[in-house]
Engineer: 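Can you keep this structure in mind? I'll have questions shortly.
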Amino acid sequence: MMFFRVTLLALLTTLLAACTSQPQVQTPPPSSVSTIKQWEAEGRVGIRTEHDAVSGNFNWQHNPNTFDLRIYGPFGQGSTELSKSKDGKVVLAYEDQKAEGYDAEQLLKQRLGWQFPVRQVTYWIRGLPYPNTPSTVKKSQNSELPEEITQDGWTISYQKFSNIRGLSLPQKMQVSRPPYRVNLIITQWTIQ
């Protein structure tokens, strides 16, 4: 009888442990940088325009249909958010103001006076030229990684790359077209 109880207790313990510890399913990494469909990048940003200089932290979540870009100062102060919902509506929120439309670049220009190619940057941040306009790509001598992309009047310089799940993604880069300059230091990538 004692043997039966010990065996039953061991069996129940094993079953309970199996029920509580589910194996985590990990998504396989994308096969190349160009096949990344969803990503999140975090880090530091410095933005210089003709009349402004802004620096802080950023968080950018992007998937094929939506995005959410937040730029914020120390302790979350001075936050600016640019987001796009599934229905294509773009919202720019800054300094207790909110503007809506369907063109992110136009909202930034109208409200903040910034010219910034949002569509192109979703490619440039991954080290890729924007596929819909001509570009020149200068590659590093030691690898196939881009050192510089020139496109649509902008120069994108890459100073450092990180290995993220077997893929090389920018860690330090600059996007410029005088008088505009954006420096990004990406401290964390999450890709799917």
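Nothing here was measured: the structure is a model prediction, and the numbers come from that model. Starting from 1, each residue takes its place in the sequence as its number.
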Engineer: Just by modelled atom types, is the I149 backbone N or O under 3.5 Å from a matching donor or acceptor in the Y158 side chain?
Structural biologist: no

Engineer: Using a 4.5 Å cut-off on heavy atoms from C-beta on, say whether the side chain of W189 contacts that of L167.
Structural biologist: no

Engineer: With sequence neighbours excluded, tell me which residues meet side-chain hydrogen bond (donor to acceptor under 3.5 Å, both in side chains) with S85.
Structural biologist: D87

Engineer: Around atom NZ of K109, are there more than 12 heavy atoms from other residues, nucleotides or ligands closer than 6.0 Å?
Structural biologist: yes

Engineer: Please report the interatomic distance NZ(K84) to CG(L107), rounded to the nearest 0.5 Å.
Structural biologist: 12.5 Å

Engineer: Assigning hydrophobic clusters by single linkage (Ile, Leu, Val, Met, Phe, Trp, Tyr; side-chain heavy-atom cutoff under 4.5 Å), is V91 placed with L69?
Structural biologist: no

Engineer: List, one per line, each side-chain donor-acceptor pair under 3.5 Å for residues 179-187, sequence neighbours excluded.
Structural biologist:
from, atom 1, to, atom 2, distance (Å)
Y180, OH, G113, O, 3.4
N183, OD1, Q174, NE2, 2.6
T187, OG1, E42, O, 3.2

Engineer: With rounding to the nearest 0.5 Å, note down the distance linking CD1 in I125 to CH2 in W60.
Structural biologist: 5.0 Å

Engineer: Please list, chain by chain and in numerical order, all residues satisfying side-chain hydrogen bond (donor to acceptor under 3.5 Å, both in side chains) with T66, sequence neighbours excluded.
Structural biologist: N63

Engineer: Check the pair E105 / Q120 against side-chain contact (heavy atoms from CB on, under 4.5 Å), numbers first and verdict last.
Structural biologist: CA-CA 11 Å; E105 294 169 23; Q120 289 91 326; 3.6 Å; yes

Engineer: Which residues pass the side-chain contact (heavy atoms from CB on, under 4.5 Å) test with E148, sequence neighbours left out?
Structural biologist: K138, T150, T155, S157

Engineer: Tell me, do I71 and I47 make a side-chain contact under 4.5 Å, heavy atoms counted?
Structural biologist: yes

Engineer: Could I get the full list of ring-ring contact (aromatic ring centres under 6.0 Å, His included) partners for W114, not counting sequence neighbours?
Structural biologist: none

Engineer: Side-chain heavy atoms nearer than 4.5 Å, only ILVMFWY residues, links allowed to pass through others: does that put L145 and V175 together?
Structural biologist: yes

Engineer: Taking the side chain as every heavy atom from C-beta outward, state whether Q151 and Y123 have any pair of such atoms under 4.5 Å apart.
Structural biologist: no

Engineer: Say you draw a straight line from CD of Q115 to CD of Q106; how long is it, rounded to the nearest 0.5 Å?
Structural biologist: 12.0 Å

Engineer: Is there a side-chain contact between W39 and Q192, using heavy atoms and a 4.5 Å cut-off?
Structural biologist: no

Engineer: Please name all residues satisfying side-chain hydrogen bond (donor to acceptor under 3.5 Å, both in side chains) with S34, sequence neighbours left out, ordered by chain then number.
Structural biologist: S32

Engineer: Between S135 and W154, is any pair of side-chain heavy atoms under 4.5 Å apart?
Structural biologist: no

Engineer: Could you tell me whether a side-chain N or O of R111 sits under 3.5 Å from a main-chain N or O of A99, the two making a donor and an acceptor?
Structural biologist: no

Engineer: Would a 4.5 Å heavy-atom cut-off, applied to side chains only, mark D152 and Y130 as touching?
Structural biologist: yes

